[in-house]
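Heads up: the structure comes next, in structure tokens.
We number each residue from 1, following the sequence as shown.
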Amino acid sequence: MNQILSTSMPIEKKKNNRRKKQPIEIRSILKFFGLVILVFGVFMIGTGVYSVYKNHSEQQQNLQPTIAIENKSDTVILLKVTHKKNIAKIEYGWNEEDKVVVNGNNGQYLEQEIDVPSGTNTLYVKVQDEEGKEMTYEKQYEIESNINFEVAGNKIKITYNGEKMISYMTYKWDDEEEQKIEINDTNIEQEIDAIKGLHTLTVVAVDEDNNKDTKSQKINGVSKPELIIDIDDEVKHFVIKTSDEELLTRIEIRLNQDDNQKYVLNIKDKNLKELEYVLPMELQTGENLIEVKVYNSNNITAESGARYIKQ
């Protein structure tokens, strides 16, 4: 009996030791999970902060300017540009013409008055911010004008019929300097020289109340022939020298202001651009008069006259 009791006592003591160690193991596990939760929390907070920063950065990158246009009058609009970033510059222009550049001075608001030409035209606007990012905008306008153009040879006839007194008109070719003509009438009827080739003519009529009527139109101008009247080396005949960038088609001649001495030279050569023609009639003693009119393939004419006294 004593041996049995002696043997069982150590076993009972060992069990008691195991019970005492259990609380220590639970605290370790709790500390481990607490550390995991802390690390996870820090990770989640860091991820949230990064996400907020990233969204803010993307929003900053995606900021776009606001472009608004107001009508100030029938022919004038007001362009307004607002941006949360600084504006470096804006460019605007009509159709395919050269654009006007306005410095934004790194401000966040800019406005610009723009004259609207008559007819159907498209306004193009481009805004560039301080970082070089660009935004484009376009809008079509259609305004009927009282200004009319009529091509007459190497001349352009400008007409206008209005109700109010027109103070003056201006015109310009492409981007050249404006030319001003005083009108002081309700109607305009002016002729100006055309420019050879395809060019844009812009005409502005300004009335007594400072209202403007503007018309821009591309016009294909043609040139008139060159014409020189001379005397030959023997001093016996008139010599007609003429040339044209297109083709020469006809020459009309009148001598001594006499319709009975009118002559017509029809040029049959379809490729002739330059001609020197010696008049077969000899010069008479005394006064000799000649009038010449040359036509090209566009039916544009050049006229000249000469007077020669033969001793």
Side-chain angles (χ1 to χ4, degrees), residues 73-77 79 89-102 112-126 138-162 165-207 210-227 242-248 273 294-304:
S73 68
D74 292 338
T75 59
V76 178
I77 58 175
L79 170 66
K89 65 179 180 178
I90 66 170
E91 298 178 14
Y92 70 88
W94 295 101
N95 307 322
E96 302 304 321
E97 298 175 10
D98 293 337
K99 302 301 181 283
V100 177
V101 179
V102 180
Q112 178 72 30
E113 284 190 3
I114 303 174
D115 292 328
V116 183
S118 60
T120 302
N121 301 279
T122 302
L123 175 67
Y124 293 94
V125 179
K126 182 166 67 177
E138 64 182 71
K139 185 176 181 179
Q140 190 177 79
Y141 290 83
E142 187 170 356
I143 296 179
E144 186 175 351
S145 172
N146 289 324
I147 301 172
N148 294 296
F149 299 151
E150 181 182 344
V151 181
N154 64 324
K155 298 283 187 180
I156 308 297
K157 187 177 181 180
I158 302 168
T159 58
Y160 176 94
N161 296 314
M165 184 74 70
I166 301 299
S167 301
Y168 65 91
M169 62 163 276
T170 64
Y171 73 91
K172 69 173 182 177
W173 291 100
D174 302 324
D175 293 324
E176 294 182 359
E177 186 178 351
E178 281 186 343
Q179 304 296 320
K180 183 177 179 180
I181 301 175
E182 299 291 337
I183 303 297
N184 296 317
D185 198 344
T186 56
N187 299 322
I188 297 175
E189 189 170 330
Q190 292 286 328
E191 276 193 351
I192 62 173
D193 292 328
I195 299 179
K196 181 171 172 50
L198 188 63
H199 298 276
T200 300
L201 174 63
T202 302
V203 175
V204 181
V206 183
D207 68 19
N210 208 37
N211 296 315
K212 297 179 181 179
D213 191 343
T214 304
K215 183 170 185 177
S216 292
Q217 181 176 317
K218 289 187 179 295
I219 295 177
N220 193 9
V222 294
S223 62
K224 63 181 181 180
E226 301 257 346
L227 176 59
T242 183
S243 63
D244 188 76
E245 293 183 2
E246 300 297 328
L247 296 173
L248 297 168
K273 295 184 178 182
V294 181
Y295 294 77
N296 69 7
S297 56
N298 291 316
N299 208 34
I300 307 302
T301 63
E303 298 182 56
S304 184

Heavy-atom closest contact (T122 atom, E138 atom, distance):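 Residues T122 and E138, closest heavy atoms: CG2-CB, 4.2 Å.
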Which atom pair, heavy atoms only, marks the closest approach of E246 to S297?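 In terms of heavy atoms, the two residues are closest at CB-OG, 3.5 Å.
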Drop me the distance from [X]'s [atom1] to [Y]'s [atom2], to the nearest 0.5 angstrom.
X    : Y    : atom1 : atom2 : answer
L227 : T242 : CG    : OG1   : 5.0 Å
I114 : I77  : CD1   : CD1   : 4.5 Å
L201 : Q217 : CG    : CD    : 8.0 Å
N220 : I195 : CG    : CD1   : 12.0 Å
D213 : I166 : CG    : CD1   : 7.5 Å
E150 : T159 : CD    : OG1   : 7.0 Å

Student check: side-chain heavy atoms of [X] and [Y] closer than 4.5 Å:
X    : Y    : answer
L247 : K273 : yes
Y160 : V203 : no
Y92  : Q112 : yes
I156 : V151 : yes
N161 : N146 : no
L248 : V294 : yes
V206 : K212 : yes
T301 : P225 : no

Residues 173-187, side-chain donor-acceptor partners within the protein, below 3.5 Å, at least two apart:
{"from": "D174", "atom 1": "OD1", "to": "T200", "atom 2": "N", "distance (Å)": "2.9"}
{"from": "D174", "atom 1": "OD2", "to": "H199", "atom 2": "ND1", "distance (Å)": "2.7"}

Could you pull out all residues at least two apart from [X] that satisfy side-chain hydrogen bond (donor to acceptor under 3.5 Å, both in side chains)?
X    : value
K89  : E91
N210 : none
T202 : S216

What pairs with [X] under salt bridge (charged side-chain N to carboxylate O under 4.0 Å, His left out), at least two apart in sequence or on another chain?
X    : value
K157 : E189
E245 : K196
E303 : none

Residues which pass side chain to side chain contact (heavy atoms under 4.5 Å, CB included) with V76, listed by chain and number, not counting sequence neighbours: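 Partners of V76 under the side chain to side chain contact (heavy atoms under 4.5 Å, CB included) test: K72, S73, E113, D115.
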If the condition is side chain to side chain contact (heavy atoms under 4.5 Å, CB included), which residues does S167 pass it with, not counting sequence neighbours?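 By the side chain to side chain contact (heavy atoms under 4.5 Å, CB included) rule, S167 matches E208.
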Under the ring pair (Phe, Tyr, Trp, His ring centres under 6.0 Å) test, residues paired with W94 that sit two or more places apart: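 Residues passing ring pair (Phe, Tyr, Trp, His ring centres under 6.0 Å) with W94: Y141.
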Please lay out, stage by stage, how V101 and I90 fare under the test side-chain contact (heavy atoms from CB on, under 4.5 Å). CA-CA 6 Å; V101 179; I90 66 170; over 6 Å; no
K215 (side chain) donor-acceptor with I147 (main chain) under 3.5 angstrom: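 Judged by distance alone, yes, a pair lies under 3.5 Å.
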Step by step, work out the side-chain contact (heavy atoms from CB on, under 4.5 Å) result for I158 and M169. CA-CA 10 Å; I158 302 168; M169 62 163 276; 3.9 Å; yes
Please say whether more than 12 non-hydrogen atoms of neighbouring residues, nucleotides or ligands are located less than 6.0 Å from NZ in K172.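 Yes, the 6.0 Å shell around NZ holds more than 12 heavy atoms from other groups.
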